[in-house]
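Computed from a predicted structure; not experimentally measured. Below, chain A is the first sequence line, B the second, and so on; all start at residue 1.
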There are 2 protein chains.
Amino acid sequence: MINSRLAVSVHILALIATHPDQALSSDYIAGSVNTNPVVIRRLIGSLRQAGLLSTVAGKTGATLTKDPHDVTLLMIYRAVEPKETLFSIHDQPNPACPVGRDIQSTLNQSFTRAQQALEAELGNETLSDILHRLVRAR
Amino acid sequence: MINSRLAVSVHILALIATHPDQALSSDYIAGSVNTNPVVIRRLIGSLRQAGLLSTVAGKTGATLTKDPHDVTLLMIYRAVEPKETLFSIHDQPNPACPVGRDIQSTLNQSFTRAQQALEAELGNETLSDILHRLVRAR
DNA sequence: AGATTCTGTAACTAAAATAATTACATGTAC
DNA sequence: GTACATGTAATTATTTTAGTTACAGAATCT
């Protein structure tokens with residue numbers, strides 16, 4: 001199972017987007033997400049590094065640097081997910097065995113395709129889509 | 001990052017498929033995978049439960065119960081992956097917050113789509129494809 | 001039959017990943 | 001200058017994953 005960093009990050013960005021007039025503190029956001037403020041600040045740090053929002057140290061709040069239409073879930077995912085490959089492959093299979101020798105590269109092809117399909121789908125969904133569905137959900 | 005159980009399971013099935021005449025022990029398979037025999041026996045247990053192979057307790061070896069053409073990576077993945085959902089979503093977001101209240105169901109829609117794309121791709125790849133690529137890799 | 005070897009599992013340990021927390025340096029605003 | 005915020009390192013806790021030990025029960029071999 002993939003970690004919840006993407007889920008929490010979307011939550012953070014949705015909060016900021018729906019409160020354009022208010023400066024939301026990491027404490028406030030943590031209250032909505034139900035976690036520790038430091039967890040929020042760390043994710044915001046990654047999102048800032050990815051150019052999705054900007055903050056000023058010491059100053060409350062963060063502002064989106066892109067239009068929600070132009071922010072895909074894939075961009076958010078990549079911002080907070082350090083690992084490039086989705087599936088792990090066991091290492092050091094026996095090179096003396098014909099299967100062991102080539103299993104890694106073979107699996108890698110399949111896994112790469114699957115990952116690309118996942119990422120294509122994440123790339124098709126924007127923060128704007130999320131915001132619209134949040135409103136409609138009421 | 002997703003665990004390596006799918007990778008190891010494909011390795012196991014590929015070994016069995018390429019040695020139809022030999023009865024491979026969990027010890028032998030563990031030697032090719034480079035892990036502990038119990039890890040192999042556990043995965044074989046899951047694969048058996050899913051109807052992908054059969055074994056006889058005490059008797060060396062396992063035999064595939066399906067043609068490799070009819071075994072998809074998705075079937076293998078589902079056999080050894082207990083979790084149904086790919087992405088985790090943080091729990092107990094603040095219900096008093098409009099975003100917190102509906103974020104889970106909203107994210108769930110997006111995540112389900114992404115997961116389906118991944119699974120569709122895994123469903124398109126068969127054990128037979130893997131076997132062919134293993135041979136070609138030499 | 002008895003010894004040996006294997007599978008099937010439970011139970012436990014180790015390692016790694018994830019999340020939560022503490023602590024504090026530094027910046028902002030009144 | 002005080003109060004409060006962010007940024008980040010360091011630590012701890014929790015969960016997941018993988019590896020290991022142990023052993024009961026089945027099969028094979030002589």
Side-chain angles (χ1 to χ4, degrees), chain A residues 1-9 11-12 15-16 19 22-50 53-63 77 79-93, chain B residues 1-9 11-12 15-16 22-50 52-63 77 79-93:
Chain A
M1 206 163 171
I2 296 175
N3 61 61
S4 65
R5 289 196 286 271
L6 174 56
V8 173
S9 298
H11 189 150
I12 292 171
L15 273 176
I16 295 171
H19 298 74
Q22 295 164 49
L24 308 181
S25 68
S26 62
D27 232 48
Y28 174 88
I29 297 174
S32 173
V33 171
N34 184 33
T35 183
N36 190 289
V38 176
V39 171
I40 302 299
R41 294 206 286 270
R42 269 198 295 248
L43 288 173
I44 284 183
S46 299
L47 297 169
R48 182 183 50 245
Q49 275 196 305
L53 50 72
S54 69
T55 62
V56 178
K59 194 171 175 182
T60 307
T63 52
Y77 175 70
V80 297
E81 183 53 61
K83 293 282 173 51
E84 292 209 346
T85 61
L86 183 62
F87 289 94
S88 358
I89 298 180
H90 53 293
D91 48 48
Q92 300 184 10
Chain B
M1 204 162 173
I2 296 175
N3 61 60
S4 65
R5 288 196 287 270
L6 173 57
V8 174
S9 298
H11 190 150
I12 293 171
L15 273 176
I16 296 172
Q22 296 163 49
L24 307 180
S25 69
S26 61
D27 233 47
Y28 175 87
I29 297 174
S32 175
V33 171
N34 184 32
T35 183
N36 191 290
V38 176
V39 171
I40 302 299
R41 295 206 285 271
R42 270 198 296 246
L43 289 173
I44 283 182
S46 299
L47 297 170
R48 182 182 52 244
Q49 274 196 306
L52 299 182
L53 50 72
S54 70
T55 62
V56 178
K59 194 170 176 181
T60 307
T63 52
Y77 176 70
V80 297
E81 182 53 62
K83 294 282 174 48
E84 291 208 347
T85 60
L86 183 62
F87 288 94
S88 1
I89 298 179
H90 52 294
D91 49 48
Q92 300 184 10

Asker: Separation of N3(B) atom CG from dG19(D) atom P, in whole Å?
Answerer: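 To the nearest whole Å, that distance equals 11 Å.
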
Asker: If you assign T35(A) and G58(B) each to the DNA chain C nucleotide with the nearest heavy atom, which residue ends up on the more 5' nucleotide?
Answerer: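 With T35(A) and G58(B) compared, the 5'-side residue is G58(B).
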
Asker: Can you pull the contact range of chain A along DNA chain C, 5' to 3', using atoms under 4.0 angstrom from its heavy atoms?
Answerer: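 It runs dA17(C) to dA29(C).
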
Asker: Rounded to the nearest angstrom, tell me the gap between atom NE2 in H90(A) and atom P in dA18(D).
Answerer: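 Spelled out: NE2 on H90(A) to P on dA18(D) is 11 Å.
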
Asker: Answer yes or no: is there a side-chain heavy-atom contact under 4.5 Å between H90(A) and T35(B)?
Answerer: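 Not touching, per the 4.5 Å side-chain cut-off.
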
Asker: Within this structure, what is the CZ-OG1 distance for the pair R41(B) and T55(B), rounded to the nearest 0.5 Å?
Answerer: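 If I round to the nearest 0.5 Å, the distance is 11.0 Å.
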
Asker: What integer distance in Å separates D91(B):CG from dT15(D):P?
Answerer: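 In whole Å, dT15(D) P and D91(B) CG are 11 Å from each other.
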
Asker: State the OH-CG distance between Y28(A) and L15(A), to the nearest 0.5 angstrom.
Answerer: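 Nearest 0.5 Å value for the OH-CG distance: 6.5 Å.
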
Asker: Is there a side-chain contact between R42(A) and the phosphate of dA9(D), meaning an N or O under 4.0 Å from OP1 or OP2?
Answerer: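 Answer no for this pair, as no side-chain N or O of R42(A) is under 4.0 Å from OP1 or OP2.
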
Asker: Just how far is it from atom CD1 of I40(A) to atom CD1 of I12(A), taken to the nearest 0.5 Å?
Answerer: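 Rounded to the nearest 0.5 Å, the CD1-CD1 separation comes to 4.0 Å.
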
Asker: Does a side-chain heavy-atom distance below 4.5 Å link E81(B) with S9(B)?
Answerer: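 E81(B) does not reach S9(B) side chain to side chain.
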
Asker: Take the protein atom NZ of K59(A) and the nucleotide atom C1' of dA3(D), then report the distance between them rounded to whole Å.
Answerer: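 Atom NZ in K59(A) sits about 17 Å away from atom C1' in dA3(D).
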
Asker: Do side-chain atoms of S4(B) reach the backbone of I89(A) as a donor and acceptor pair under 3.5 angstrom?
Answerer: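 No; zero donor-acceptor contacts below 3.5 Å.
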
Asker: For a quick check of understanding: with a heavy-atom distance under 4.0 Å over all strands, which category does N36(B) fall into, base, sugar-phosphate or nothing?
Answerer: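 Base contact.
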
Asker: Can you see if the side chain of R41(A) gets near the phosphate of dT8(D) - specifically, an N or O under 4.0 Å from OP1 or OP2?
Answerer: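 Checking dT8(D) against R41(A), no side-chain N or O comes under 4.0 Å of OP1 or OP2.
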
Asker: In whole angstrom, give the distance that lies between atom CD1 of I89(A) and atom P of dA18(D).
Answerer: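 I89(A) atom CD1 is separated from dA18(D) atom P by 13 Å.
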
Asker: Atom CG of L43(A) and atom P of dT8(D): how far apart are they, to the nearest Å?
Answerer: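 Computing the L43(A):CG to dT8(D):P distance gives 13 Å.
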
Asker: Locate the shortest heavy-atom distance separating T63(A) from I16(A); write the atom from each residue and the value.
Answerer: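 Shortest heavy-atom contact: CA-CG2, 4.4 Å.
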
Asker: On DNA chain D, check which nucleotide each of S26(A) and M1(B) is closest to and give me the residue with the more 5' one.
Answerer: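 This one resolves to S26(A).
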
